Amino acid sequence: MSEDSSQPSWDPLPRDFYLPTARKVAPALLGHFLVRQDREGPCAGVIVETEAYLAHDPSCHGYARQTARNRSMYGPPGHAYVYFIYGNHFCFNAVCGPEGVPEAVLVRAIQPLMGLDLMCQRRKGRRELDWTSGPGRLCEALHITRPLDGADLCNAASPVFIARNPEVLKLRRALGPLVRTRRIGISVATHWLLRFYLDGSAWVSKRR
DNA sequence: TAAGTGATGCAT
DNA sequence: TGCATCACTTAA
């Protein structure tokens, strides 16, 4: 028995990967793997769309001050920041920058890789392109909810983590070009170019 | 294009 | 306490 779905050989990105500003980390995450494992089994996808939220960015949840909701953003890098929005949806972020500096990368879309049956179930049989093409959609497909807030993304035993793609450059070439645009759904700092995506992926949530 | 959904955070 | 806001999704 070499490897099976119960013992995947994922190699988590190290904590110092998340130490730089989210502006740098957001594009660097493209092509790596978001991995979720729970009682139902493992699920994973290629990260194809991200947005950076910065410490001195008025659209960042941590901009004003630390609160109960954004506490994880102020913690050490390489942990999850998961929040509930619009009464319906969760959004998943990777905390960046040193402890005390509230920065994070919102993962807006992944391209399904494994656990497709689970994603299909959780997304109620919708077409595959709609499973994970949006921040709320991917959280539903991977069953990412508030209890995962603060989870360690640098530990392969964690319920959610990010694994290194050893062929990330090759994959970026295949799914490129890498496009940088304005962020989606915000009302301030709307012109800042902090959204990044791989234009060749059909799972990108919105073009432009 | 707009309604739904409920936690959050700031103003009372 | 009250209420506007919200890093979204779906159905139309």
Side-chain angles (χ1 to χ4, degrees), chain A residues 18 21-30 34 36 45 47-75 77 79-97 101-112 118-151 153 160 162 179-198 201-208:
Chain A
Y18 302 95
T21 171
R23 179 194 291 280
K24 297 287 186 188
V25 178
L29 279 172
L30 296 175
L34 177 60
R36 168 77 168 117
I47 297 172
V48 295
E49 180 183 349
T50 58
E51 281 178 358
Y53 287 86
L54 310 178
H56 299 289
D57 166 6
S59 68
C60 177
H61 287 176
Y63 179 64
R65 62 189 182 86
Q66 185 176 333
T67 66
R69 177 176 71 158
N70 65 27
R71 188 170 54 91
S72 298
M73 283 190 106
Y74 281 81
H79 289 259
Y81 166 47
V82 178
Y83 64 89
F84 187 62
I85 190 79
Y86 292 116
N88 287 292
H89 310 289
F90 292 94
C91 290
F92 170 85
N93 298 250
V95 173
C96 297
V101 177
E103 299 210 355
V105 173
L106 170 68
V107 177
R108 287 194 55 91
I110 63 174
Q111 183 164 318
L118 285 174
M119 297 192 202
C120 184
Q121 261 175 247
R122 293 166 179 156
R123 294 287 296 139
K124 305 182 177 88
R126 290 181 175 85
R127 54 184 251 237
E128 186 167 352
L129 280 175
D130 291 334
W131 290 352
T132 54
S133 50
R137 290 174 176 182
L138 75 89
C139 282
E140 184 167 70
L142 299 192
H143 192 231
I144 292 173
T145 56
R146 196 80 216 284
L148 293 191
D149 182 51
L153 302 178
V160 62
I162 296 176
V179 175
R180 183 170 60 134
T181 69
R182 291 138 97 111
R183 293 173 292 182
I184 305 289
I186 54 173
S187 54
V188 285
T190 54
H191 59 289
W192 296 10
L193 302 179
L194 292 175
R195 173 169 174 251
F196 306 87
Y197 64 82
L198 295 175
S201 174
W203 277 266
V204 171
S205 66
K206 292 184 165 91
R207 303 288 153 178
R208 227 177 69 225

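A quick note: this is a predicted structure, and the numbers were derived from the prediction, not measured. Below, read A as the first sequence line, B as the second, and so on, with proteins coming before strands; counting in each chain starts at 1.
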At under 4.0 Å, does any side-chain N or O of Arg146(A) touch on OP1 or OP2 of dT8(B)?
yes

What nucleic acid atoms does Ile186(A) come within less than 4.0 Å of, heavy atoms only: base, sugar-phosphate, or nothing?
sugar-phosphate

Any idea which of dT9(C), dC6(C), dT8(B) is nearest the Arg123(A) side chain?
dT9(C)

Figure out the CD1/P separation between Ile184(A) and dC6(C), and round it to whole Å.
16 Å

When rounded to whole Å, the CG to P distance for the pair Asp130(A) and dC8(C) reads 16 Å

Can you tell me how far the CG atom of Leu193(A) sits from the CZ atom of Arg182(A), to the nearest 0.5 Å?
7.5 Å

Test item: side-chain donor near acceptor, Arg195(A) and Thr181(A), under 3.5 Å:
yes

Checking contacts here: which listed nucleotide (dC6(C), dT10(C), dT8(B)) is nearest the side-chain heavy atoms of Arg126(A)?
dT10(C)

Is the phosphate of dC6(C), meaning OP1 or OP2, less than 4.0 Å from a side-chain N or O of Ser187(A)?
yes

Name the stems that DNA chain B belongs to, where each is three or more consecutive Watson-Crick or G-U pairs with both distances under 3.5 Å?
B:1-4 with C:8-11, B:6-11 with C:1-6

From CZ of Arg127(A) over to C1' of dA11(C), roughly how many Å is that when rounded to an integer?
14 Å

Need one value for Gly87(A): base, sugar-phosphate or nothing, where a base atom within 4.0 Å counts as base even if backbone is also close, heavy atoms only.
base

Sorted by number, residues from residues 50-71 of chain A placing a heavy atom under 4.0 Å from DNA chain C are Tyr53(A), Ser59(A), His61(A)

Please state how far atom OH in Tyr83(A) lies from atom P in dC8(C), giving the value in whole angstrom units.
6 Å

Rounded distance in Å - CH2 (Trp131(A)) to P (dT10(C)):
14 Å

The side chain of His89(A) lies closest to which of these nucleotides: dC8(C), dC6(C), dT8(B)?
dC8(C)

Between Trp203(A) and Glu128(A), is there a donor-acceptor pair closer than 3.5 Å when you use the side chain of the first and the backbone of the second?
yes

Please check if atom CZ in Arg126(A) has more than 12 non-hydrogen atoms from other residues, nucleotides or ligands closer than 6.0 Å.
yes

Measure the distance from NZ on Lys206(A) to P on dT10(C) and round it to the nearest whole Å.
11 Å

Just wondering, are more than 12 heavy atoms of other shown residues or ligands nearer than 6.0 Å to CZ in Arg146(A)?
yes

Do the side chain of Arg183(A) and the main chain of Ala52(A) share a donor and acceptor less than 3.5 angstrom apart?
yes

Rounded to whole angstroms, how far apart are CZ on Phe84(A) and P on dG4(B)?
16 Å

For Arg23(A), look at atom CZ and say whether over 12 heavy atoms of other residues, nucleotides or ligands are found less than 6.0 Å away.
no

Hey, is the main chain of Gly62(A) close enough, under 3.5 Å, to the side chain of Asp57(A) for a donor-acceptor pair?
no

Out of dT10(C), dC6(C), dT5(B), which nucleotide sits closest to the side chain of Asn88(A)?
dT5(B)

Answer yes when Lys124(A) and Glu140(A) have at least one side-chain N-carboxylate O distance shorter than 4.0 Å, and no when they do not.
yes

Mind checking whether His61(A) and Tyr81(A) have parallel, tilted or perpendicular rings, split at 30° and 60°?
perpendicular

Indicate, with a heavy-atom threshold strictly under 4.0 Å, whether Arg195(A) touches base, sugar-phosphate, or nothing.
nothing

Tell me the interatomic distance from Trp192(A), atom CH2, to dA7(C), atom P, rounded to whole angstroms.
15 Å

